Amino acid sequence: GASDVTQSPSILWVWQKESAEMNCSHSKGASYFHMYWFRQQQGKPMELIAFTTLNQEPDFGTFSKEKYSATKTVAQNGSFTVKKVQADDSGVYLCAVSEHSESHLMHCCTKT
Ligand SMILES: *[C@@H]1O[C@H](CO)[C@@H](O)[C@H](O)[C@H]1NC(C)=O
Ligand SMILES: *[C@@H]1O[C@H](CO)[C@@H](O)[C@H](O)[C@H]1NC(C)=O
């Protein structure tokens, strides 16, 4: 259901040390309140950086809260920020949404 999930902007250039904020929204309904942010870099496997769910602290797994932030206050959208951008932050960032964290059946993916 990629067309149900959209990200903006589609391309984002930022100066080093600035923040890169991107948004994701979907039209899958209020039950899809889990949101995942992945990064894909050339020659590397896709990595899950952040899991967010409604009105809870985002889960960055092994990634640093100093480096990334994510917000999710309504079911239909959310945002993700890469802070203090460096050259090696360059990549494709993908947003996915799901209904139940147990199932991990995600509705992939659009990209920034
Ligand atoms: C992302 O969402 C925020 C809050 O609604 C908005 O201020 C910002 O302009 C959006 N950015 C993009 C690239 O859509
Ligand atoms: C998310 O949705 C809310 C409610 O529809 C809207 O007010 C807000 O601007 C949206 N934010 C983004 C980042 O799209």
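All ligand and atom numbering here is 1-based and tracks the order in the structure. Owing to the predicted nature of the structure, the values given are computational and were not obtained by experimental measurement.
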**Request:** Could you tell me if the ring centre of Phe38 sits under 6.0 Å from that of Tyr93?
**Result:** no
**Request:** For Pro9, counting its heavy atoms only, list the atoms of ligand 1 lying under 4.0 Å from any of them.
**Result:**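 Answer for ligand 1: 13 (C).
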**Asked** Between Phe51, Trp37, Phe80, which is the residue that forms a ring-ring contact (aromatic ring centres under 6.0 Å, His included) with Tyr68?
**Response**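 Among Phe51, Trp37, Phe80, the one meeting ring-ring contact (aromatic ring centres under 6.0 Å, His included) with Tyr68 is Phe80.
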Does ligand 2 have any N/O atom under 3.5 Å from a protein N/O, and what are those pairs and their distances?
unit_1	atom_1	unit_2	atom_2	d
ligand 2	2 (O)	Asn77	ND2	2.3
ligand 2	5 (O)	Gln76	NE2	3.3
ligand 2	11 (N)	Asn77	ND2	2.9
ligand 2	14 (O)	Asn77	ND2	3.1

**Asked** For His34 and Ser98, does a side-chain donor sit closer than 3.5 Å to a side-chain acceptor?
**Response**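 Their side chains do not contain a donor-acceptor pair, so the 3.5 Å distance test is not met.
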**Asked** In terms of side-chain heavy atoms, does Thr81 have a donor or acceptor partner in Glu21 at a distance below 3.5 Å?
**Response** no
**Prompt:** So does Glu57 have more than 12 non-hydrogen atoms from other groups sitting under 6.0 Å from CD?
**Reply:** no
**Asked** Looking only at atom types and distance, does a side-chain atom of Lys17 sit under 3.5 Å from a main-chain N or O of Lys83, one as donor and one as acceptor?
**Response**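 Such a contact is absent between Lys17 side chain and Lys83 backbone.
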